[in-house]
2 protein chains.
Amino acid sequence: MKSKSTSELKATIHKVEEICKSNKLGLTEIRRQVFEIIIKNNKPVKAYEILDKISNINNKPSHPPTVYRAIDFLIENGFVHKLNSINSFVGCFHPKAHKECYFLICKKCNIYQECCDDSLKDRISKTAIHNNFVISNTTLEIEGHCLDCSQK
Amino acid sequence: MKSKSTSELKATIHKVEEICKSNKLGLTEIRRQVFEIIIKNNKPVKAYEILDKISNINNKPSHPPTVYRAIDFLIENGFVHKLNSINSFVGCFHPKAHKECYFLICKKCNIYQECCDDSLKDRISKTAIHNNFVISNTTLEIEGHCLDCSQK
DNA sequence: ATAATTTATGTTATGTTATAACATTACAAT
DNA sequence: ATTGTAATGTTATAACATAACATAAATTAT
């Protein structure tokens, strides 16, 4: 899978800033740092990796709650997502555009891909309705191999 | 959501026994105990809950590896599934009938429902193909409220 | 039968992921 | 100035999971 371009990255960071500004969400220094660490990585990042990076950036040890709080903020506002199957976090490249987001995760190169297929969303929705079930959130994580890696 | 009947339960346990017998899989005492704990519960069970129950049953303390090994065996053979979004395990009521299994999990009553909808499976499959992606395993966990709980 | 091999379990320790609880700071509103 | 609120710092620990090595039990080969 290909990783994101610098311009996409910039645009996404900018969009998050805009969303925060217009919704009066405090995008504090730490929250911004954590977001940038996550979004700039094209692979899922673990909380304790973020912790190390934050500690390095600021030249002082940070603690788990600091990181988890920032992550919570970012998830709540749809700027990052958690991949439950691998206890890792990924940035969202179309923040606020959708609540749910599905993922393809390559086991080999570890690069992930967001995939917000409407027909898939519909299908899940129909399945829920068919079971008289009201969805509050959906975890869909597809693990496997991307084109590049399956060709190697 | 309604919980499973005793006869369904018996049938499932019997089926697992048969599968083990015909495939020469060692359904040892511990593995059987862990399986029964998981399948008899109509809610997802946590590993350390199983640990407590096993310790009680056998009147001696068990240790985490014992439980996790049994769980691994049961997952490998498709007798139980892990719900990554809540770090819990659930029994499978149609072992070996399918590799993938999707879940509806009620946040209120905590009862889960397996849902092996073929059209959903197809849709996921198509999404993967469309992204040139080869699936090895899929996590689909839909959290929300079941009919009973959303009416309350 | 018995030695060798494999499969499963016991045991200790530790690694990894996440949160509770309470103190402190920063900044805004009255 | 004082109170309120939102965010962060700090310590400790809870919750989830596995590594590594020892032992035992079952299987197979001789």
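The CD1-P distance, from A:Ile71 to D:dT8, rounds to 13 Å in whole Å. Atom CD1 in B:Ile75 sits roughly 15 Å away from atom P in D:dC16 (whole-Å rounding). Distance B:Tyr68 OH to C:dA13 P: 19 Å, rounded to the nearest Å. One can place NZ of B:Lys82 at 8 Å from C1' of D:dC16, the figure rounded to the nearest angstrom. To the nearest angstrom, C1' of C:dT25 lies 15 Å from NE2 of A:His63. Distance CZ (B:Arg69) to P (D:dA22): 14 Å, rounded to an integer number of Å. One atom, CG of A:Asp72, and another, P of D:dA6, lie 16 Å apart when rounded to the nearest Å. Rounded to whole angstrom, the span from the CG atom of B:Leu83 across to the C1' atom of D:dC16 amounts to 15 Å.
Between A:Asn87 and the phosphate of C:dT16, there is no side-chain N or O to OP1/OP2 separation shorter than 4.0 Å.
B:Asn131 places none of its side-chain heavy atoms less than 4.5 Å from the side chain of A:Ile142.
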Can you check side-chain hydrogen bond (donor to acceptor under 3.5 Å, both in side chains) on B:Ser85 and A:Asn84, steps first, answer last?
-> CA-CA 5 Å; B:Ser85 57; A:Asn84 288 307; 5.0 Å; no
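Within residues 23-53 of chain A, the residues that have a heavy atom under 4.0 Å from DNA chain C are, in order of number, A:Lys46, A:Tyr48.
In B:His94, the NE2 atom is crowded: over 12 heavy atoms of neighbouring residues, nucleotides or ligands sit closer than 6.0 Å.
Under a cutoff of 6.0 Å and an axis angle of 45°, B:Lys4 and B:Phe93 form a cation-pi pair.
By the 4.0 Å N-to-carboxylate-O rule, B:Glu17 lies too far from B:Lys21 to be salt-bridged with it.
There is no side-chain donor-acceptor pair under 3.5 Å between A:Ser136 and B:Glu143.
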